[in-house]
Protein chains: 2
Amino acid sequence: MEKLSIDQVVAKLIQGIENKTLANAEGKLPSERELLGLYPISRYTLRQALNQLSKMGWIYQMQGRGSYVRGQNNHSTLIDQGDLGSNEDLTRGEKNIQTVHYTKRIITYGEALFLPSQKQFGPEQTFIELKRYRTLDNKPYLIDHSYYIPEVVGDISDAMVRGSMFEALEKEKQLQVGFIDKFIQSDALTATQAEFFRLEEGMPTLTVRDDSYLRNGELLAFSKIYYDYRLATLYMHKKLVK
Amino acid sequence: MEKLSIDQVVAKLIQGIENKTLANAEGKLPSERELLGLYPISRYTLRQALNQLSKMGWIYQMQGRGSYVRGQNNHSTLIDQGDLGSNEDLTRGEKNIQTVHYTKRIITYGEALFLPSQKQFGPEQTFIELKRYRTLDNKPYLIDHSYYIPEVVGDISDAMVRGSMFEALEKEKQLQVGFIDKFIQSDALTATQAEFFRLEEGMPTLTVRDDSYLRNGELLAFSKIYYDYRLATLYMHKKLVK
DNA sequence: AAGTGGTCTAGACCACGGG
DNA sequence: CCGTGGTCTAGACCACTTG
């Protein structure tokens with residue numbers, strides 16, 4: 001048998017759980033020593049994989065007893081902000097998100113409506129401002145208000161704006177996001193925002209402020225997303241014990 | 001030298017970062033091979049510790065270059081929902097949170113205003129309902145609406161209600177929370193809720209629905225917390241690359 | 001006592017970034 | 001090319017749960 005990487009083991013384990021061929025009737029998985037007999041890997045690799053499943057909420061492990069599968073949440077209807085951190089913000093799953101309207105322009109530092117949490121800029125700094133109005137299954141879903149650092153991202157084409165910005169930046173410019181600081185709040189809608197959601201001014205909206213950094217620690221964008229509060233739910237699985 | 005556990009290494013590294021004795025002027029930490037010379041540990045232990053620092057947002061690591069410290073966010077003013085998962089919900093840091101009013105009663109299944117995401121109950125199931133009105137620095141801050149499973153938690157004394165429920169359950173009943181499913185939304189305030197926050201009905205509130213499970217996978221409580229949207233910010237650090 | 005997951009060691013090789 | 005972090009192995013011992 002060939003060697004397996006951690007990600008391959010994760011995939012195989014998930015497959016076995018979904019097929020219901022791995023766990024017994026009580027949801028108990030084979031012990032780690034038994035699983036080692038199924039795949040040609042070391043215990044370290046296996047445990048890294050099991051750890052990923054734990055952080056994703058697929059299983060939980062109990063010292064002295066074993067590993068058990070959990071029932072699944074409706075991930076398809078939720079925005080997963082959880083530990084796995086697979087890809088981007090909301091283009092997760094098979095969601096049908098489209099950009100119905102957008103504006104793009106260059107602004108200066110003083111015109112930004114908010115600023116990143118950590119980085120300081122000089123007054124002559126410019127940003128590429130992007131406002132996007134996006135729908136989920138043709139219903140108004142979110143307003144994305146982003147500022148990109150031109151020295152880092154270069155030009156942004158119209159084609160990129162339609163879809164997932166981070167996917168486009170990775171494919172076309174080999175820019176890979178390394179980590180993100182997120183700040184989640186509830187706000188009151190402005191009149192303009194409310195009009196898009198067909199709500200009233202002052203009504204609630206769920207907001208997510210993101211500061212996105214490259215793998216080398218350089219800030220490439222900061223944004224604020226306003227969600228229709230009737231449609232958006234952020235989901236997180238939090239593992240407390242080691 | 002004595003052996004060091006991962007948590008001890010984490011503590012020492014954080015101390016070194018805060019003292020500014022560990023990183024150089026550019027924020028670059030010693031290489032892993034150099035750090036191994038400072039502490040009597042194996043590379044595995046060191047990397048587990050560095051991984052924790054990465055997930056907490058203290059540092060970032062770059063293959064081929066090294067590890068670098070990040071500037072810190074104002075953790076004291078934020079609710080950290082992030083990866084660290086050290087203890088409980090919001091009693092984190094030195095926050096001055098107090099319960100100014102609460103009600104406790106036994107209800108039946110049909111009376112619950114919401115239900116957990118995964119578990120099914122029979123119609124004869126009862127819950128311990130707890131509503132708590134809590135302040136931060138003597139200002140109205142949150143309304144905590146919780147249902148505890150009596151078969152799991154037993155009785156809840158008045159002393160427990162005043163402070164952190166999970167801390168009390170752990171100390172007095174040796175019940176340890178293993179993992180939590182979280183669902184974050186923005187809602188409109190009811191008239192009763194708005195009165196506590198001195199806001200108007202229909203104005204925004206940030207809500208967090210928690211399903212809390214013991215280490216053995218048993219649900220012990222489910223809750224919904226309504227925050228004053230002017231005061232609450234959830235913070236999260238998301239690491240995307242391996 | 002037996003079996004489980006949790007921690008830790010020592011060592012090897014790989015993949016990436018920068019001179 | 002060299003030094004960096006990333007992956008992986010084989011093995012040992014510890015801590016916890018259950019019978």
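Basis for what follows: all heavy atoms, side chains included, without hydrogens, waters or symmetry-related copies. In this text, all values refer to a predicted model and were calculated from it rather than measured experimentally. Order of the sequence lines fixes the chain letters, A, B, ..., with proteins taken first and strands second; residue numbering starts at 1 for each chain.
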With side chain to side chain contact (heavy atoms under 4.5 Å, CB included) as the test, pick out the partner of B:Tyr227 among B:Thr207, B:Leu142, B:Asp144. B:Leu142
I want to check a possible cation-pi pair here: A:Arg70 against B:Phe179, using under 6.0 Å from ring centre and within 45° of the ring axis as the test. no
Can you tell me how far the CG atom of A:Leu214 sits from the CG atom of A:Leu220, to the nearest 0.5 Å? 5.0 Å
For A:Gln120, is the CD atom crowded, meaning more than 12 foreign heavy atoms sit under 6.0 Å from it? no
All N/O contacts under 3.5 Å from nucleotides 16-19 of chain D to the protein, with atom names and distances to one decimal?
| from | atom 1 | to | atom 2 | distance (Å) |
| --- | --- | --- | --- | --- |
| D:dT18 | OP1 | A:Arg65 | NH1 | 3.2 |

Roughly how far, to the nearest 0.5 Å, is the CD1 atom of B:Ile180 from the OG atom of B:Ser212? 4.0 Å
Boundaries of the chain A footprint along DNA chain C (any atom under 4.0 Å from a heavy atom): C:dG3 to C:dT7
Looking only at the side chains, is there a donor atom on one of B:Tyr102 and B:Asp158 sitting less than 3.5 Å from an acceptor on the other? yes
Value for OG (A:Ser5) from CD (A:Gln48), rounded to nearest 0.5 Å, stands at 12.0 Å
Across the strands shown, which category fits B:Leu50 at heavy-atom distances under 4.0 angstrom: base, sugar-phosphate, nothing? nothing
On DNA chain D, check which nucleotide each of A:Ser42 and B:Arg43 is closest to and give me the residue with the more 5' one. B:Arg43
If I take atom CZ from residue B:Phe127 and atom CZ from residue B:Phe222, how far apart are they, to the nearest 0.5 angstrom? 4.0 Å
Angle between terminal axes - the helix from C:dA1-D:dT18 to C:dG18-D:dC1, 5 pairs each end, rounded to 10°: 10°
Taking the nucleotide of DNA chain D with the nearest heavy atom to each, does B:Arg33 or B:Tyr44 sit closer to the 5' end? B:Arg33
Using distance alone, with no hydrogens and no angle criterion, decide if B:Thr99 and B:Arg134 have a side-chain donor and acceptor under 3.5 Å apart. yes
B:Asn19 atom CG, over 12 foreign heavy atoms within 6.0 Å: yes
